[in-house]
> 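The structure that follows is given in the form of structure tokens.
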Amino acid sequence: MRWSRTFIHTLRQDPADAEVVSHRLMVRAGMISKVAAGIYNYLPLGLRSIARLERIIREELEKAGSAELLMPAIQPAELWQESGRWSQYGPELLRIKDRHDRDFCFGPTHEEVITDIVRREIRSYRQLPVNLFQIQTKFRDEIRPRFGLMRGREFIMKDAYSFHADAADLDVAYRAMEAAYRRIFERCGLDYTTVEADTGNIGGSESHEFMVLADTGEDAIMSCACGYGANVEKAATGEIEAAPPWPGEIPGAPEPVATPDQKAVEDVAAFLKLDPAHFIKTMIFETDEEFVAVLIRGDREINEVKLKNALDCTHLQLASPEKIEKVTGGPHGFSGPVGLADLKIVADPTVMALAVAATGANAADTHLVGVVPGRDFEPDLVADVNLAAAGDPCPRCGKPMVERRGIEVGHIFKLGTKYSVPMRCTFLDAEGNEQPCIMGCYGLGVGRTVAAAVEQNHDDRGIVWPLPLAPYEVVLVMLNADRPEVVEAAGALYERLREAGLDVLLDDRPERPGVKFNDMDLIGFPVRVVVGKRGLDNGEIELSLRRDGERRSAPIGDAVDAVRGLLHELRSELPA
RNA sequence: CGGGGUGUAGCGCAGCCUGGUAGCGCACCUGCCUUGGGCGCAGGGGGUCGGAGGUUCAAAUCCUCUCGCCCCGACCA
């Protein structure tokens, strides 16, 4: 392709609304442009990178035994009503009506449609398993879209779904898809890790996320040298170090002490000359139907995702100070479990491990010391609601874990029968009994993966594309476009490179050299070939790799081989 | 949805406080010049100042309402 025939318009300045580097650079490089909040055009250059990733995805998924299909973006409400998600999904589901006033939605995901497809055809265990995928545009009306392609409302996703006769067969597909994902991200040259994940409101028994490591990632992940890794929402810990010994005697009953204006645990601890770990922090939450007092050791934080799972509720929020006062009898900041007879109490194991503790007295400016868990209060539920933190012991090996940030580019689930039961997607087993299909689902954010690649591969001049995702592998820069001999030589070389099957863009613009070089660096083509009058006088061209910029010359007659050599050098570092 | 910003030429911004002919840089067009890292000179085109209403002799500027966009938070296969 010639630059003058495609549509590449770079920006000299950063767009005012771009915050993260991938968003900034992709807009500046003329790969994407914004239409509305979280809705983008994929311009020719951006689409080429997307298409290259899609090709890798198709190859690996087909190898893993998944067949491609394409489902509609617009879905009828009836299917969502069958699964129950029409009422559960909330405002993130973009609902629309047709001219007959019938309800539809723009699909944020396709469990309902795929389940409908499969249930129409599958009758027997002999027809299973089924594994299907699509690459398709999704719409989720996110509360806060941001970061360009990283969190769009409309976005391209690869979603796959598998249907099985039993859990063992699902496991086979799950492992195959996991391996396919690994190959996809490895082929893209991305530095990633897999972590155990919470299943969220998709449900299911097992779930892994694929995280591209980047400081700007929206997810926190805990990991350990032993191989354990988990999204912080899900992360367990080994046994948390015990609180220091209680100073002094353990009283026979809790004793109230005055703590005027002392609310935060650190302040009260300092005031009472205790360690924060001696405290029981009591947080009052409000669920769909009740108030809950949640107890965590004073030096720890609550993990709301774990709490939501422990309570098995869909909505959860901290209660307002007014409501806290109403349900506990004491003001915000002085809550404690003792005497909270009417409230459900959930305690983290770190709390129950305390021999004796201090906590709020449910009265203004008062705390209780000498509270003994089990003696002075009894929780309704003991559950791990502890937020893992850097340095906490690994649940597998006990060594300290580290916290890193990641971009969630893939998420795979064992769904079980969450959709097949309500939607009656069943088959007859070998004994002639009707059984629901066991399902798995497998998502991969296509635009997000490309953005993550930029996030991970750039410098202060622009993008440094990993070869497999570059919009063009090679750019041929025609300098001195006013010189007929240069135009002729560059044009001829361009044809030779094309005939050799190379993926090359010819920059034939009559721009000054500085403009061209800056654009090449900004867009980040892996291999750059320069034809200019200076080199041409010696019959030479200049080659360089974007990642190191080191320039080397070659006779123009050897140009094709020289380019191939550089591409080979880049390819040899990637899996086949 | 709560908090904080912002909207003026294609892009990035000033002007607003203190009302009085709408500006700057880049980009674009013409000519000359220059040509290996975002040249130089000269000339030129382009804006319902997000929208509606109000105050005023006069509104980009003040007031009210409204819409878009951005950031933080809650939210999120």
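First the proteins, then the strands, lettered A, B, ... as listed; each starts at 1. Side-chain atoms are counted along with the backbone in the values below, which use heavy atoms only and exclude waters and symmetry mates. Because the structure is a prediction, the values reported are computed rather than measured.
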> In whole angstroms, how far is the P atom of B:rG36 from the CD1 atom of A:I541?
18 Å
> Any luck finding a side-chain donor-acceptor pair between A:Y419 and A:R119 under 3.5 Å?
no
> Which part of the nucleic acid, if any, lies within reach of A:K34 when heavy atoms closer than 4.0 Å are counted: base, sugar-phosphate only, or nothing?
sugar-phosphate
> Measure from the ring center of A:F185 to the ring center of A:F210 and say whether it is less than 6.0 Å.
yes
> When the distance from CD of A:E511 to C1' of B:rU34 is rounded to whole Å, what number comes out?
14 Å
> For residues A:R12 and A:N518, is any side-chain donor paired with an opposing acceptor at under 3.5 Å?
no
> Looking at every strand, decide which applies to A:L11 at a 4.0 Å heavy-atom threshold: base, sugar-phosphate, or nothing.
nothing
> Assess whether one donor atom and one acceptor atom, taken from the side chain of A:R28 and the base of B:rG38, lie less than 3.5 Å apart.
yes
> If we call it a pair only when both distances are under 3.5 Å in a Watson-Crick or G-U wobble match, what pairs with B:rG73?
B:rC1
> Would you say A:E542 and A:S553 are linked by a side-chain donor-acceptor pair, where the criterion is simply a distance under 3.5 Å?
no
> In whole Å, what separates the P atom of B:rC75 from that of B:rC39?
49 Å
> Mind checking if A:G535 touches a base, just sugar-phosphate, or nothing, with heavy atoms under 4.0 Å?
base
> Using a heavy-atom cut-off of 4.0 Å across all strands, would you classify A:K158 as base, sugar-phosphate, or nothing?
nothing
> Between the side-chain atoms of A:R151 and the base atoms of B:rC76, is any donor-acceptor pair under 3.5 Å?
yes
> Between the base of B:rG12 and the side chain of A:R24, is one N or O donor paired with an acceptor at under 3.5 angstrom?
no
> Would you mind pulling out the nucleotide paired to B:rG37, Watson-Crick or G-U wobble, both distances under 3.5 Å?
none
> In whole Å, I'd like the distance from the CG atom of A:L522 to the P atom of B:rC26.
19 Å
> Quick one about A:S544 and A:R552 (side-chain donor to acceptor, distance below 3.5 Å, no hydrogens or angles considered), yes or no?
no
> With rounding to whole Å, what would you report as the distance between B:rG12 and B:rA27 at their C1' atoms?
11 Å
> A:K138: what forms a side chain to side chain contact (heavy atoms under 4.5 Å, CB included) with it, not counting sequence neighbours?
A:H110, A:Q134, A:Q136, A:F155, A:M157, A:D159
> Base, sugar-phosphate, or nothing: which does A:D14 touch, judged by heavy atoms less than 4.0 Å apart?
sugar-phosphate
> Suppose we define a pair by two distances each less than 3.5 Å, Watson-Crick or G-U wobble; what does B:rG7 pair with here?
B:rC67
> RNA chain B: A:D219 or A:R528, which has the more 5' nearest nucleotide?
A:R528
> Heavy atoms under 4.0 Å, any strand shown: does A:E92 hit a base, just sugar-phosphate, or nothing?
sugar-phosphate
> Would you mind pulling out the nucleotide paired to B:rA58, Watson-Crick or G-U wobble, both distances under 3.5 Å?
none
> Whole-Å distance between B:rC75 C1' and A:E233 CD?
11 Å
> Can you work out whether A:R448 or A:A37 has the more 5'-proximal nearest nucleotide on RNA chain B?
A:A37
> For B:rA9 versus B:rC17, give the span between their C1' atoms, rounded off to a whole number of Å.
25 Å
> In whole Å, measure the gap between the C1' atoms of B:rC71 and B:rU35 for me.
43 Å
> Check whether the side chain of A:R512 and the base of B:rU34 form a donor-acceptor pair under 3.5 Å.
yes
> Starting at atom CG of A:D17, determine the distance to atom P of B:rU6, rounded to an integer number of angstrom.
16 Å
> Would you indicate what A:N518 reaches in the nucleic acid, counting non-hydrogen atoms under 4.0 angstrom: base, sugar-phosphate, or nothing?
base
